[in-house]
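Structure, as structure tokens:
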Amino acid sequence: MSGTPRRPQALIAASILDSDLARLADEVRRAEDAGADRIHLDVMDGHFVPNLTFGWRMVEALRSVTRLPFDAHLMISEPGRWTEQFIGAGCDSITLHVEVAEPQIAPALARIREAGRAAGLSVKPDTPLTALDPYRDLLDIVLVMTVEPGFGGQSFMEDVARAKLLASRAWLDPEGAGEVQVDGGGRAATAESIGRGGTDVIVAGSALYRSDDMAAEVARIRAIASAARRATLG
């Protein structure tokens with residue numbers, strides 16, 4: 001992504017974690033029809049986080065359902081073990097956590113990039129951005145967690161957003177190359193704070209899938225965040 005111009009508005013990545021899992025293909029299509037820009041895939045192993053979700057085979061099965069980019073967030077202890085499978089399943093971007101065992105991080109990021117996909121690292125709320133320093137030349141995405149990873153529907157951590165979002169943009173590339181993403185509590189009520197942080201991509205799950213009108217909610221979050229983002233970044 002290096003050298004790409006700054007996009008004019010925030011993008012919305014619909015997290016299927018809070019969708020109706022019995023109708024998952026329909027729920028992916030519903031997000032696409034509602035105007036979401038991406039599908040966010042929260043992969044959890046019950047070890048790195050205290051919850052289990054799904055793996056690469058389900059991602060592969062969903063790939064034919066939509067043309068939207070697949071944005072995989074690997075909340076698993078051994079992302080290096082499974083990198084190739086998620087690439088093969090059709091993920092357009094893959095983000096792992098900087099808090100996992102260090103030896104696997106750089107090789108996994110390099111492999112993701114070699115495959116022509118966007119490589120990212122995520123930081124938990126208590127993890128400093130300095131933890132990303134060894135991987136600066138391997139990153140396209142910084143994903144800031146504004147909740148503790150593991151479950152949907154948590155309350156947005158405003159203090160983490162203030163401390164890390166603009167700082168992540170400056171760390172990654174102040175001119176806009178690469179992406180700053182935020183995951184946790186993304187909704188209309190938090191969109192202004194997220195936008196003020198110069199965020200490129202907002203992950204939204206329960207706010208979309210529990211709304212009465214998903215299309216209206218996507219548009220509302222995008223409009224609020226984009227206005228605040230323009231005010232900050234110009």
Side-chain angles (χ1 to χ4, degrees), residues 11-19 21 24 38-56 58-59 70-83 85-86 89 91-102 104-105 108-109 112 118-132 135 139-165 167-168 171-172 179-187 190-191 193-194 197 199-210 221:
L11 303 181
I12 307 300
S15 170
I16 60 173
L17 187 62
D18 286 296
S19 68
L21 298 180
L24 194 49
R38 301 179 183 179
I39 300 299
H40 186 82
L41 304 160
D42 288 306
V43 179
M44 306 180 191
D45 64 359
H47 184 254
F48 182 75
V49 293
N51 196 10
L52 282 167
T53 54
F54 45 79
W56 65 270
M58 196 203 74
V59 175
F70 274 6
D71 184 28
H73 179 190
L74 306 186
M75 289 175 268
I76 63 179
S77 294
E78 296 184 276
R81 178 181 175 187
W82 301 104
T83 302
Q85 285 87 340
F86 282 97
C91 295
D92 299 273
S93 56
I94 300 174
T95 296
L96 44 144
H97 269 264
V98 73
E99 297 90 358
V100 301
E102 185 273 335
Q104 65 188 309
I105 296 176
L109 295 173
I112 293 165
L121 279 177
S122 180
V123 289
K124 292 181 181 181
D126 290 338
T127 300
L129 292 178
T130 53
L132 302 176
Y135 313 104
L139 288 180
D140 304 296
I141 296 166
V142 171
L143 174 58
V144 175
M145 295 296 301
T146 45
V147 298
E148 292 295 338
F151 295 93
Q154 298 181 60
S155 296
F156 177 72
M157 296 180 176
E158 175 78 34
D159 57 334
V160 175
R162 284 197 305 268
K164 288 187 176 177
L165 291 180
S168 294
W171 184 92
L172 187 59
E179 287 183 351
V180 176
Q181 300 184 1
V182 64
D183 187 358
R187 59 189 64 251
T190 61
S193 294
I194 291 170
T199 306
D200 299 294
V201 181
I202 302 170
V203 177
S206 58
L208 302 186
Y209 282 104
R210 298 178 190 176
I221 295 170

Is there side-chain contact between Tyr209 and Ile16, with heavy atoms separated by less than 4.5 Å?
-> yes

Would a 4.5 Å heavy-atom cut-off, applied to side chains only, mark Phe54 and Val43 as touching?
-> yes

Give the intermediate values and the outcome of side-chain contact (heavy atoms from CB on, under 4.5 Å) for residues Ile221 and Leu208.
-> CA-CA 10 Å; Ile221 295 170; Leu208 302 186; 4.0 Å; yes

Of all the heavy-atom pairs spanning Gly186 and Ile194, show the shortest one and how long it is.
-> CA-CD1, 4.1 Å

Sorted by chain and residue number, the ring-ring contact (aromatic ring centres under 6.0 Å, His included) partners of His40 (sequence neighbours excluded) come out as His73

Distance in Å, Arg210 CZ paired with Asp18 CG, rounded so as to fall on 0.5 Å steps | 4.5 Å

What's the shortest heavy-atom distance between Thr83 and Ala108, and which atoms?
-> OG1-CB, 3.5 Å

Sorted by chain and residue number, the side-chain contact (heavy atoms from CB on, under 4.5 Å) partners of Val49 (sequence neighbours excluded) come out as Met44, Met75, Pro149

Is the backbone of Gly184 close enough, under 3.5 Å, to the side chain of Thr146 for a donor and an acceptor to pair up by distance?
-> yes

Using the side-chain contact (heavy atoms from CB on, under 4.5 Å) rule, take Val142 and Val144 through it: C-alpha gap first, then chi angles, then the decisive distance, then the call.
-> CA-CA 6 Å; Val142 171; Val144 175; 4.3 Å; yes

Trp171: what forms a side chain to side chain donor-acceptor pair (under 3.5 Å) with it, not counting sequence neighbours?
-> Asp133

Hey, does Leu21 have a side-chain heavy atom less than 4.5 Å from the side chain of Ser19?
-> yes

May I ask you to test the Thr127-His97 pair for a side-chain heavy-atom distance under 4.5 Å?
-> no

Do Ser206 and Arg187 come close enough that some side-chain heavy atom pair is under 4.5 Å?
-> yes

dist Asp126:CG -> Glu148:CD (nearest 0.5 Å) comes out at 6.0 Å

Look up atom CD1 in Ile141 and atom OG1 in Thr95, then write down how far apart they are to the nearest 0.5 Å.
-> 4.0 Å

Rounded distance [0.5 Å steps], CG in Asp200 versus CG in Leu165 | 10.0 Å

Could you tell me which residues satisfy side-chain contact (heavy atoms from CB on, under 4.5 Å) with Ser77, sequence neighbours excluded, listed by chain and number?
-> Asp45, His47, Phe48

For Glu102, what residues pass the salt bridge (Lys or Arg N to Asp or Glu O under 4.0 Å) criterion, not counting sequence neighbours?
-> none

dist Asp183:CG -> Ile202:CD1 (nearest 0.5 Å) comes out at 11.5 Å

Sub-4.5 Å side-chain heavy-atom contact between Met145 and Met157 | no

State, to 0.1 Å, how close Gly185 and Thr190 come at their nearest heavy-atom pair, and which atoms those are.
-> O-OG1, 2.8 Å

Would you please test Tyr135 and Val98 for side-chain contact (heavy atoms from CB on, under 4.5 Å) and show each step?
-> CA-CA 9 Å; Tyr135 313 104; Val98 73; 4.0 Å; yes

Quick one: list whatever passes side chain to side chain donor-acceptor pair (under 3.5 Å) with Ser15, sequence neighbours left out.
-> Asp42

Leu96 and Leu121, any side-chain heavy atoms less than 4.5 Å apart = yes

With sequence neighbours left out, the residues meeting side-chain contact (heavy atoms from CB on, under 4.5 Å) with Ala119 are Leu109, Ile112, Arg113, Asp140

Could you give the distance from CG (Leu41) to OG (Ser93), rounded to the nearest 0.5 Å?
-> 8.5 Å

Minimum heavy-atom separation for Ala163 to Ala167, with atom names?
-> O-CB, 3.6 Å

Do the non-hydrogen side-chain atoms of Asp92 and Arg38 ever get within less than 4.5 Å of each other?
-> no

Which atom names give the shortest non-hydrogen contact between Phe156 and Ala161, and what distance separates them?
-> CZ-CB, 3.5 Å

Closest non-hydrogen atoms of Ile12 and Ala204, given as atom of the first, atom of the second and distance, are CG2-CB, 4.5 Å

Report the residues that fulfil side-chain contact (heavy atoms from CB on, under 4.5 Å) with Arg162, sequence neighbours left out, ordered by chain and then residue number.
-> Glu158, Asp159

